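To keep things clear, I will list the structure first and then write my remarks on it.
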Amino acid sequence: MPPKDHDGHDDAKTEDAKNMVNSVVRAGQLLDAFDSGKPVLGLTELCAATGLNKTTTHRLLNTLVRMGWLTRTPDGDYKIGMKLFSLGSVALADFNLRDEARPSLLSLAERFGDTAYLMIPGDGGAVVIDRYEGSSPLSVKHIGIGTVLPYHAAAGPMTMLAYVPELRERWLAEPLKAFTRHTVHDRADLESQLDRIRDEGYTISDEDYLNGVGAVAAPVFDRTGKLEATISLGGPAGDFRGSQLVSIISAVRDAAATISARLGSPLDEAG
């Protein structure tokens, strides 16, 4: 039994209360007010939901917006920001998937010296849930665990777009941003490229998201045969051209097939 003080209070609970930071608790209350039924809330609604006064609520909301945890709508209301979504995606990711994929990620990174990535689909883009760096001097530091990448650029995200019809339909309904001069942002051209990706079973990215960076990705399927994730290898664009490209494609596809088999997939995408 936890010790109690002379007034009969639980000492452990009292100590926990002393260690809590009120501003963090209040910020958490604001974030807890959002859910699928209330994805957008105004200042008055947030005050009512939390019991906080308008001055305190406004100050906390401004802080959360500056941190990227919340964003403002054109009407001045608030909604969950992509940064918070990224953190949630990491937390919700299937840890068994990461465990099963880790040997393949390490093998790719060590064999070719580039960086291996594991990504899963998210509402706002492909979410990186694991990565391993090889010995290559080029390290894409800002693409780390939790990073959300646009679906129409980079090898992993484009693989998802090719294999998930509902995702493809939704994403291609919006204007497509060009990140480099190599980004395919014309809908008809992108549709053709996605069809080819699905036919071939892999994606080659050649400086379409970041200048100087190339990548190869392949799909990972779950036990129902649906895309669960992608595994990719990325590094200096020159490493993903010429004779070595054939070896990279084969290795990435083999790694994806191995992970798919571990997840119980009935599909053989190694080809």
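In this text, all values refer to a predicted model and were calculated from it rather than measured experimentally.
- Leu263 places a side-chain heavy atom less than 4.5 Å from the side chain of Val220.
- Ring pair Phe221/Tyr163: centre-to-centre distance below 6.0 Å.
- The OG1 atom of Thr63 sits 12.5 Å away from atom CZ of Arg26, with the distance rounded to the nearest 0.5 Å.
- Both Leu106 and Leu118 are members of a single hydrophobic cluster when ILVMFWY side chains are connected at heavy-atom separations under 4.5 Å.
- Every side chain to side chain contact (heavy atoms under 4.5 Å, CB included) that Ala49 has, sequence neighbours left out, goes to Ala33.
- Atom CG in Asp254 sits 9.5 Å away from atom CG in Leu108 (nearest 0.5 Å).
- No hydrogens or angles considered: a donor-acceptor pair under 3.5 Å links the side chains of Thr203 and Thr159.
- With rounding to the nearest 0.5 Å, the separation of CD in Glu228 from CD1 in Ile259 is 10.5 Å.
- Between Ile204 and Ile249, some side-chain heavy-atom pair lies under the 4.5 Å cut-off.
- In this structure a side-chain-to-backbone donor-acceptor pair under 3.5 Å is missing from Ser250 to Val246.
- A donor-acceptor distance shorter than 3.5 angstrom exists from the side chain of Thr183 to the backbone of Asp208, with no hydrogens or angles considered.
- Distance check: His182 NE2 to Asn211 CG gives 6.5 Å after rounding to the nearest 0.5 Å.
- Remark: the backbone N or O of Leu52 is not paired with any side-chain donor or acceptor of Thr56 at under 3.5 angstrom.
- The closest side-chain heavy-atom distance from Ile197 to Leu194 is below 4.5 Å.
- A cation-pi arrangement is not found for Arg102 relative to Tyr132, the charged atom failing to lie both closer than 6.0 Å to the ring centre and inside a 45° cone about the ring normal.
- Every residue meeting the side chain to side chain contact (heavy atoms under 4.5 Å, CB included) condition with Thr71, not counting sequence neighbours, appears here in chain and number order: Lys79.
- Looking only at side-chain heavy atoms (C-beta outward), Leu46 and Phe34 come within less than 4.5 Å of each other.
- A distance-only check finds a donor-acceptor pair linking the side chain of Arg98 to the backbone of Ile129 [under 3.5 Å].
- The stretch residues 168-181 participates, sequence neighbours left out, in these side chain to side chain donor-acceptor pair (under 3.5 Å) pairs: His152-Trp171, Arg168-Glu191, Arg168-Asp195.
- Residues satisfying the side chain to side chain contact (heavy atoms under 4.5 Å, CB included) criterion with Arg111, sequence neighbours excluded, are Ser247, Ala251.
- A donor-acceptor pair under 3.5 Å is absent between the side-chain atoms of Ser265 and the main chain of Ala261, judged by distance alone.
- Taking the side chain as every heavy atom from C-beta outward, Asn53 and Cys47 never approach each other to under 4.5 Å.
- Applying the side chain to side chain contact (heavy atoms under 4.5 Å, CB included) criterion to Val24, with sequence neighbours excluded, gives Val21.
- Contact check for Met119 versus Asp130: no side-chain heavy atoms found under the 4.5 Å cut-off.
- Thr224 and Asp222 share a donor-acceptor pair across their side chains, judged by distance under 3.5 Å alone.
- Linking Ile, Leu, Val, Met, Phe, Trp and Tyr residues whenever their side-chain heavy atoms come within less than 4.5 Å leaves Leu70 and Val40 in two separate clusters.
- A donor and an acceptor atom, one from each side chain of Asp189 and Ser192, are nowhere located under 3.5 Å apart.
- Residues Leu61 and Tyr78 form a side-chain contact, since some pair of their non-hydrogen atoms from C-beta on lies under 4.5 Å apart.
- Minimum heavy-atom separation, Ala218 to Gly201: CB-O, 4.0 Å.
- Looking at Leu210 and Ile143, their side chains come closer than 4.5 Å, going by heavy atoms from C-beta outward.
- Between the OH atom in Tyr151 and the CG atom in Leu176 there is a gap of 14.0 Å [rounded to 0.5 Å].
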Throw together a table of side-chain donor-acceptor distances under 3.5 angstrom for residues 229-243, partners on residues two or more places apart or in other chains.
from, atom 1, to, atom 2, distance (Å)
Arg241, NE, Asp206, OD1, 3.4
Arg241, NE, Asp206, OD2, 3.3
Arg241, NH2, Asp206, OD1, 2.8
Arg241, NH2, Glu207, OE2, 2.9

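- Looking only at distances, no side-chain donor or acceptor of Arg262 sits under 3.5 Å from a matching main-chain atom of Leu97.
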Q) Is there a side-chain contact (heavy atoms from CB on, under 4.5 Å) between Leu172 and Leu161 once you walk through the steps? A) CA-CA 9 Å; Leu172 268 62; Leu161 208 58; 3.7 Å; yes
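- Ion pair Arg131/Glu133 flagged as a salt bridge, since at least one NZ, NE, NH1 or NH2 atom sits closer than 4.0 Å to an Asp/Glu carboxylate oxygen.
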